[in-house]
Amino acid sequence: MVIGNENNHIDETEKLLKLVRKKPLPVHVAIIMDGNGRWAKKRGLHRIAGHRQGVETLRDVIKVSDELGIKHLTIFAFSTENWKRPVSEVNALIDLLVEYLRREVMELHSKNVKIVILGCLDAFSHSVQQEIKRAVELTSNNTGLNINIALNYGGRAEIIRAVKNIAKDVYDKKLSPDDIDEKLFGNYLYTANIPDPDLLIRTSGEFRISNFLLYQIAYTELVFTHSDILWPDFNKKAYLEAIIEYQSRQRRYGGINA
Ligand code: FPP
């Protein structure tokens, strides 16, 4: 019976939730939301329908992250390489983001959520930039969940940008080459003041990093879902399972266990 199945699903999710709360949670979860196109194709729909469904999944993941008290959720919304997609898909993705911000920002603000952008906004139209800046400014003093949206973001581009800015500051005598260490370098990245991700999740069975947070994931635990969990399929149960997998890992950071 469908009702019975649903109840079982709810029971199972509740059990997972209890398990998750027993062990330390990741402070920072980063997600590569992969598989929207395949989700749509499987259903004979246009790829954009997959992205639209992906936004619904994102909404649920934000809700669960907030409930759990996770501090940082970083999502790969649009990469520096995504410009290679057909213009219609690029425009649809940007429209979806703007629509999402317009529709949700007040509710996110009321939940004390802070929106941060990682990436270069210059490539977007004035009106898109205005919409994004409005959401960032409105929520800038919030102290709850931080949603870091990687937008026109690439890990290599981020590192090059940091190197250029450090070089400029050395040239301008604001810095000496001897000042450069990992901490200082981190402050020149888009993620300055954001701790490195504890957990990186990629859906859809692809085992790649795709230029996401290259510097920051040195000691991040990686969880890749099975290929039958495309981003729109990534529900609360799948999210909790990924966190439980993270909690089962021994993090040694190159050392050994005591
Ligand atoms: C990857 O799936 C997904 C993306 C490139 C975009 C993800 C964007 C969203 C979920 C919506 C917009 C974001 C916000 C913040 C509202 P894919 O298209 O590569 O899927 P495929 O590998 O199956 O083709």
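Start at 1 and go down the list; that is how both ligands and their atoms are numbered. The basis for the numbers below is simple: all heavy atoms, side chains too, and nothing from hydrogens, waters or symmetry mates.
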Look only at interatomic distance and state if [X] has a nitrogen or oxygen under 3.5 Å from any nitrogen or oxygen of ligand 1.
X: Arg47; answer: yes
X: Trp231; answer: no
X: Tyr100; answer: no
X: Gly37; answer: yes

[X] heavy atoms, cut-off 4.0 Å: which ligand 1 atoms fall inside?
X: Leu97; value: 14 (C), 15 (C), 16 (C)
X: Arg38; value: 21 (P), 22 (O), 23 (O)
X: Asn82; value: 5 (C)

Salt bridge or not for [X] and [Y], using N-O below 4.0 Å?
X: Lys15; Y: Glu12; value: no
X: Lys63; Y: Glu107; value: no
X: Glu241; Y: Lys237; value: yes

In Å and rounded to the nearest 0.5 Å, what is the [atom1] to [atom2] distance from [X] to [Y]?
X: Ile94; Y: Glu131; atom1: CD1; atom2: CD; result: 13.0 Å
X: Leu97; Y: Phe78; atom1: CG; atom2: CZ; result: 10.5 Å
X: Ile149; Y: Leu101; atom1: CD1; atom2: CG; result: 5.5 Å

What protein heavy atom is closest to [atom], reported as residue, atom name and distance in Å?
atom: atom 10 (C) of ligand 1; result: Asn36 ND2, 3.5 Å
atom: atom 4 (C) of ligand 1; result: His51 CE1, 4.0 Å
atom: atom 19 (O) of ligand 1; result: Arg85 NH2, 2.8 Å
atom: atom 11 (C) of ligand 1; result: Val55 CG2, 3.6 Å
atom: atom 13 (C) of ligand 1; result: Ala77 CB, 4.0 Å
atom: atom 3 (C) of ligand 1; result: Met33 O, 3.1 Å

(message) Using a 4.0 Å heavy-atom cut-off, which part of Leu58 comes near ligand 1: side chain, backbone, both, or neither?
(response) side chain
(message) Tell me the closest heavy-atom pair linking Ala77 and Leu151, and the distance in Å.
(response) CB-CD1, 4.1 Å
(message) For the backbone of Ala92 and the side chain of Asp95, can you confirm whether one donor and one acceptor N or O come within less than 3.5 Å of each other?
(response) no
(message) Out of the candidates Ile147, Leu73, Asn146, only one should pair with Val113 under the side chain to side chain contact (heavy atoms under 4.5 Å, CB included) rule; please name it.
(response) Ile147
